[in-house]
Asks: 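Got a structure for you, questions after.
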Protein chains: 2
Amino acid sequence: MSDARPNARGSGVHSVERALDLLEVLGEHSGPMGVTELSSNTGLPAATIHRLAQTLVARGYLRQLRDRRYYLGSRLAALGSRAGAMMGSRAQPLLRELARELQETVNLATLTPDGAEYIGQSAGSHSVRMFTEVGRRVPLHSTGVGKALLSLLPDHDALRLLRPDDMVQFTPTTITTPQQMLVELATIRAHGFAMDEGEMEQGVRCIAVPFVADTYMAVSVSGPAARMTDELVERARVALDAARPQLVAMLAD
Amino acid sequence: MSDARPNARGSGVHSVERALDLLEVLGEHSGPMGVTELSSNTGLPAATIHRLAQTLVARGYLRQLRDRRYYLGSRLAALGSRAGAMMGSRAQPLLRELARELQETVNLATLTPDGAEYIGQSAGSHSVRMFTEVGRRVPLHSTGVGKALLSLLPDHDALRLLRPDDMVQFTPTTITTPQQMLVELATIRAHGFAMDEGEMEQGVRCIAVPFVADTYMAVSVSGPAARMTDELVERARVALDAARPQLVAMLAD
DNA sequence: AGTCTCTTTCCGTATTGTGGAATGCTGGTT
DNA sequence: AACCAGCATTCCACAATACGGAAAGAGACT
């Protein structure tokens, strides 16, 4: 670890974090990768990659082709479905219920050190629909769930999670300064819900309601602006508000 | 590392293997576990468990309840679905082979918390053909792959995945009650394959064969009823049966 | 308030992983 | 066949890193 900062977030078990980096890089690439390729994508030396990869192969988390390249192993698929089941089984029925009632995609998200993470989802029935992936992390400043989650925190803590560098302007409506964000958060607290008016992706409208169940959480409904009329948003607000206590009961242990 | 053998297979990166042990123990237990409980299940000292678990929590692979117990995090679900997708591409050549032989669309699917997910596909050569999208999730109760996947589970678990509300009647032949479904699943188990007689979309016929390769999977052949004659269905059954062991070899450990 | 259990932090130690460099493959090209 | 990249893999001396016993802290229960 010569130059630059020692490690992105230097508090955990180093080799474990590196192994996770490996898995994630392979996951994003969606295709087999060789040691050299992995080395340049992670910044780790080839010898280190090789050692970590062999460990993961031995346990079935990676698999190696004859041409020596690696890809994600099926052990991960098995663990993944267990993980999905653990949280899915709790809130999923209610999310599905909401998605059926509103006909748009419903998401459940939680606050993590770097962004809002989707932990549950139920797709609407339209063929053009929002597509979100459970496990995916999205920015806090430019999404409905992100802003809703921030609104649960005192201003002081919210700002600490929003490094100004991270407030990327994705669309013309994206909030890009801490000052604007504080105003927005005050509005969200007053109304009890957050709106995303195409702040992450143009033409996408979203309403998100925050709540606390063990951790900070938010439920949202999102879809193309054409279908997400003020009328539907209002219906969604009422439905999400009604669902909130049930979600708290389901998710808090 | 005093007496007792250091580790089952002592050649990998130690802390990474221990972290994987942790994930696996939690996965098998399918429920939240505390540090002490994990400690007794893995043989690792509590301090070590705590350090590893914190690292995994920071990265989203584990989540912690307010009562401090840990459970599998949604990041694993994300990686798992990627792994599933990659496995699909492993099987692609065989799917293509089958599609060429039978001249109809061949699909590979896996079981997810909300539906069967297509992870591989190879289209038949006819211009009117089934169109399925890799990554798309379809209902369990009204599709060949869905029913085939359900047949792998004990009745009890299968029913839990089938909320009566979700058993939408898409066509006159759609199975809409748990009772009917249990009868159907028994038939599928007896025959070793599932049929879909236009239960999702009228005029579409499908045969699906279930198998287990680390996770629950199914291969299917589907096409317009006009071409999917009993004779072709029988040929497909034989071909899929023959392909099954190869698929298991390709997709499992 | 007091006790018990379980989790978390601390810190000195040496085990363990590290990575640059050397070696060994492999498959593509002339 | 023989050569030559461009890889992956092994080696090894070093010290950074993870380790775990013990102590401190947090809840829960009586």
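All chains are named by letter (A, B, ...) in the order of the sequence lines, taking the proteins before the strands, and each is independently numbered beginning at 1. Heavy atoms only: backbone and side chains are in, while hydrogens, waters and symmetry mates are out.
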Asks: Identify, between Thr36(A) and Ser15(B), the residue whose nearest nucleotide on DNA chain D lies closer to the 5' end.
Replies: Thr36(A)
Asks: Return whichever of Asp67(A) or Arg68(B) has its heavy-atom-nearest nucleotide of DNA chain D closer to the 5' end.
Replies: Asp67(A)
Asks: Whole-Å distance between dC6(C) P and Arg69(B) CZ?
Replies: 13 Å
Asks: Side chain of Val13(B) only, please: which of dG17(C), dT8(C), dA8(D) is the nearest?
Replies: dG17(C)
Asks: When the distance from CZ of Arg51(B) to P of dT16(C) is rounded to whole Å, what number comes out?
Replies: 13 Å
Asks: Side chain of Gln54(A) only, heavy atoms from C-beta on: which candidate in dT8(C), dT9(D), dT9(C) is closest?
Replies: dT9(D)
Asks: Quick check for you: among dA21(C), dT8(C), dG21(D), whose closest atom lies nearest to any side-chain atom of Ala47(A)?
Replies: dA21(C)
Asks: For a 4.5 angstrom cut-off between non-hydrogen side-chain atoms, does Thr42(A) reach Thr48(A)?
Replies: no
Asks: Does any donor-acceptor pair link the side chain of Arg18(A) with the base of dG17(C) at a separation under 3.5 Å?
Replies: no
Asks: Of all the nucleotides listed (dG20(D), dT9(C), dT16(C)), which has the minimum atom distance to the side chain of Thr48(B)?
Replies: dG20(D)
Asks: Output yes when Asp21(A) and Arg18(A) qualify as a salt bridge under the 4.0 Å nitrogen-oxygen rule, no when they do not.
Replies: no
Asks: Please determine, for the side chain of His14(A), which listed nucleotide (dT9(D), dG17(C), dT17(D)) has the closest atom?
Replies: dT17(D)
Asks: With a non-hydrogen cut-off below 4.0 angstrom, is Gln64(A) in contact with a base, only sugar-phosphate, or nothing?
Replies: sugar-phosphate
Asks: Taking the C1' atom in each of dC12(D) and dA16(D), what is the distance between them to the nearest angstrom?
Replies: 16 Å
Asks: Starting from P on dC12(D), measure out to NE2 on His50(A) and report it in whole angstrom.
Replies: 16 Å
Asks: Please name all residues satisfying ring-ring contact (aromatic ring centres under 6.0 Å, His included) with Phe170(A), sequence neighbours left out, ordered by chain then number.
Replies: His141(A)
Asks: Against Ser220(B), only a single residue in Thr105(B), Val209(B), Leu240(B), Val145(B) fulfils side-chain contact (heavy atoms from CB on, under 4.5 Å); can you say which?
Replies: Val145(B)
Asks: Let me know the distance between CD1 of Ile49(A) and C1' of dG19(C), rounded to the nearest Å.
Replies: 12 Å
Asks: Closest-nucleotide mapping onto DNA chain C: is Leu52(A) or Ala46(B) further toward the 5' terminus? I mean the 5' end.
Replies: Ala46(B)
Asks: For the CZ atom on Arg235(B), are there more than 12 heavy atoms of other groups (residues, nucleotides or ligands in this structure) within a distance under 6.0 Å?
Replies: yes
Asks: Rounded to whole Å, how long is the line connecting atom CG of Leu44(A) with atom P of dG19(C)?
Replies: 6 Å
Asks: Given dT17(D), dA8(D), dT8(C), which nucleotide is nearest the side-chain atoms of Tyr70(B)?
Replies: dT8(C)
Asks: Over how many whole Å does the gap from Glu17(B) atom CD to dA18(D) atom C1' extend?
Replies: 15 Å
Asks: Over how many whole Å does the gap from Leu38(B) atom CG to dG20(D) atom P extend?
Replies: 15 Å
